[in-house]
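Numbered from 1 within each chain, the chains take letters A, B, ... in sequence-line order. Heavy-atom basis, side chains included; hydrogens, waters and symmetry copies ignored. Fair warning: this is a prediction, and the values are worked out from it, not measured in the lab.
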Protein chains: 2
Amino acid sequence: MSRPTKQSPERGNARIRLLEAARDIIREKGFAATTIEDLCKAADVTKGAFFHHFGSKEALGVAAAEFWGETTSAYFAAAPYHGPSEPLARVLAYVAFRKAIIAGELQEFTCLVGTMAQEVFVSSPDIRDACGRSMFGHTATLEADIEMARRKRGITTTGWTAESLARHTQAVLQGGFILAKAANDPALARESLDHLERYIRYLFNVTEDD
Amino acid sequence: MSRPTKQSPERGNARIRLLEAARDIIREKGFAATTIEDLCKAADVTKGAFFHHFGSKEALGVAAAEFWGETTSAYFAAAPYHGPSEPLARVLAYVAFRKAIIAGELQEFTCLVGTMAQEVFVSSPDIRDACGRSMFGHTATLEADIEMARRKRGITTTGWTAESLARHTQAVLQGGFILAKAANDPALARESLDHLERYIRYLFNVTEDD
DNA sequence: GAAAACATACCATACGGTCGGTATGAGTCA
DNA sequence: TGACTCATACCGACCGTATGGTATGTTTTC
């Protein structure tokens, strides 16, 4: 895959650098407004390299969504919220973690696949589906903890499942990002996560000293 | 403003028709991917008419956000969820109404200003702010009912306000739209509204027979 | 020496925007 | 009442550039 040169040791990383550039620039400008030259300039490669690695702009979009799924799942797998032995504590730690990483510029913490899915859900089913796989692949990891917590605490759910609550968590995140963008204020994304945390505590009958 | 001709009675409506086209096409393709010619074709006008009414594509974006704010506020003002005399019932009816109108094609019920804000929050502060005004102007109408319900039921809130809950409601909607797009399934947007309804009932201590 | 990994020059078209012109109707005044 | 003026609404050809994509050549590694 990667084949560095003695003269230019970064050679062979063009694909990765393009994907990283796509991750950063598409989150800032959106998919349609991002040009291939934007990506080449940011990745410091030429158009030839781009079309050597990706057959089209749409193919890059699919690859960027998959890259996002791979890198974020590694990132979240290594995150500290998995520490607690109690599954419910892990769920709440997840929400707290998501809240904690909402900082800095909006385009640095918002979700690439949410942004792309919003834009291309009609025009490019391939990108849309890749975004869906990335997004729901992530919710599945949270769903496992929710289900364990539900069973361990003997919660009999009427009207909701671990799967739906995991998706709802994702929806609150995505929606928070949109409000934050519309108001140009990351605090609005954190605010909705506070409501989500309160909701989860309610669902699991968490008492003050629990 | 509008000055119809005997031969062409629709004359004078070009601006409205362009705004309606913008509403429909931008929701489907996004702002950047929507071309001025797309809009002219859909509105059945020429480029000359477009640039007579809007100085630039960005100006159209601002006008489209404002048009969205005006039309949706009229739509929601006339909606049936204002019927109940009990303010909390109106809040719950609002959520139920939002859930009920999630039907048909995704681009028919999703939010224009949420879509646009997502795309242009960096590249066009003017459009972004117009989207924010539309979005938060709408949440303000819900906030009034929430605040009335809070007082009437003697709810002492710790950690949340009527304003934040109104915004959270909007976040759940916007996030639900994104999940629905990513999964190509409107049911996911409705699912999150069910969680939201359950959360609101909890916040207001709604009993079974309340 | 084969194949991958680039680089460079080039192309057709699409796109945002401009510009001069035309059509229509409202107001004015002799 | 009708000629005149003026502003608005709209038309459609044109322009410069940006953009996605291609074709071909060169370097590097195995």
Can you list every ring pair (Phe, Tyr, Trp, His ring centres under 6.0 Å) pair that touches residues 20-40 of chain B, not counting sequence neighbours?
none
Pairing residues for A/Glu197 by the salt bridge (Lys or Arg N to Asp or Glu O under 4.0 Å) criterion, not counting sequence neighbours
A/Arg201
Extract all donor-acceptor atom pairs below 3.5 Å that involve side chains of residues 103-112 of chain A and protein atoms in other chains or at least two apart in sequence.
from	atom 1	to	atom 2	distance (Å)
A/Glu108	OE1	A/Glu105	N	3.4
A/Thr110	OG1	A/Leu106	O	3.0

Whole-Å distance between D/dA9 C1' and B/Arg17 CZ?
12 Å
Indicate every side-chain donor-acceptor pair of residues 173-186 of chain A with a distance under 3.5 Å to a residue at least two apart or in another chain.
from	atom 1	to	atom 2	distance (Å)
A/Gln174	NE2	A/Gln170	OE1	2.8
A/Lys181	NZ	B/Gln118	OE1	2.3
A/Asp185	OD1	A/Ala187	N	3.0

Determine the interplanar angle of the A/Tyr81 and A/Phe97 rings, folded into 0 to 90°, and report it as parallel if under 30°, tilted if 30 to 60°, perpendicular if over 60°.
tilted
Residues that A/Lys29 engages under side-chain contact (heavy atoms from CB on, under 4.5 Å), provided they are two or more places apart:
A/Ile25, A/Ala33, A/Thr34, A/Asp38
Nearest-Å distance for atom pair CG/P, residues A/Asn13 and C/dA4:
18 Å
Under 4.0 Å: is that the gap between some side-chain N or O of B/His52 and OP1 or OP2 of D/dA9?
yes
Figure out the CD1/C1' separation between A/Ile16 and C/dC6, and round it to whole Å.
16 Å
Would you mind reading off the distance between B/Leu60 atom CG and C/dC15 atom C1', rounded to a whole angstrom?
15 Å
Distance, rounded to the nearest Å, where B/Asp38 contributes CG and C/dC15 contributes C1':
10 Å
Nearest to the side chain of B/Thr46, heavy atoms from C-beta on, is which of C/dC6, D/dC11, D/dG20?
D/dC11
Could you tell me the separation between the NZ atom of A/Lys29 and the C1' atom of D/dT19, rounded to a whole number of Å?
12 Å
Reading nucleotides 17-22 of chain C 5' to 3', which nucleotides get B (base under 4.0 Å from a protein heavy atom), which S (sugar-phosphate only), which -?
BB----
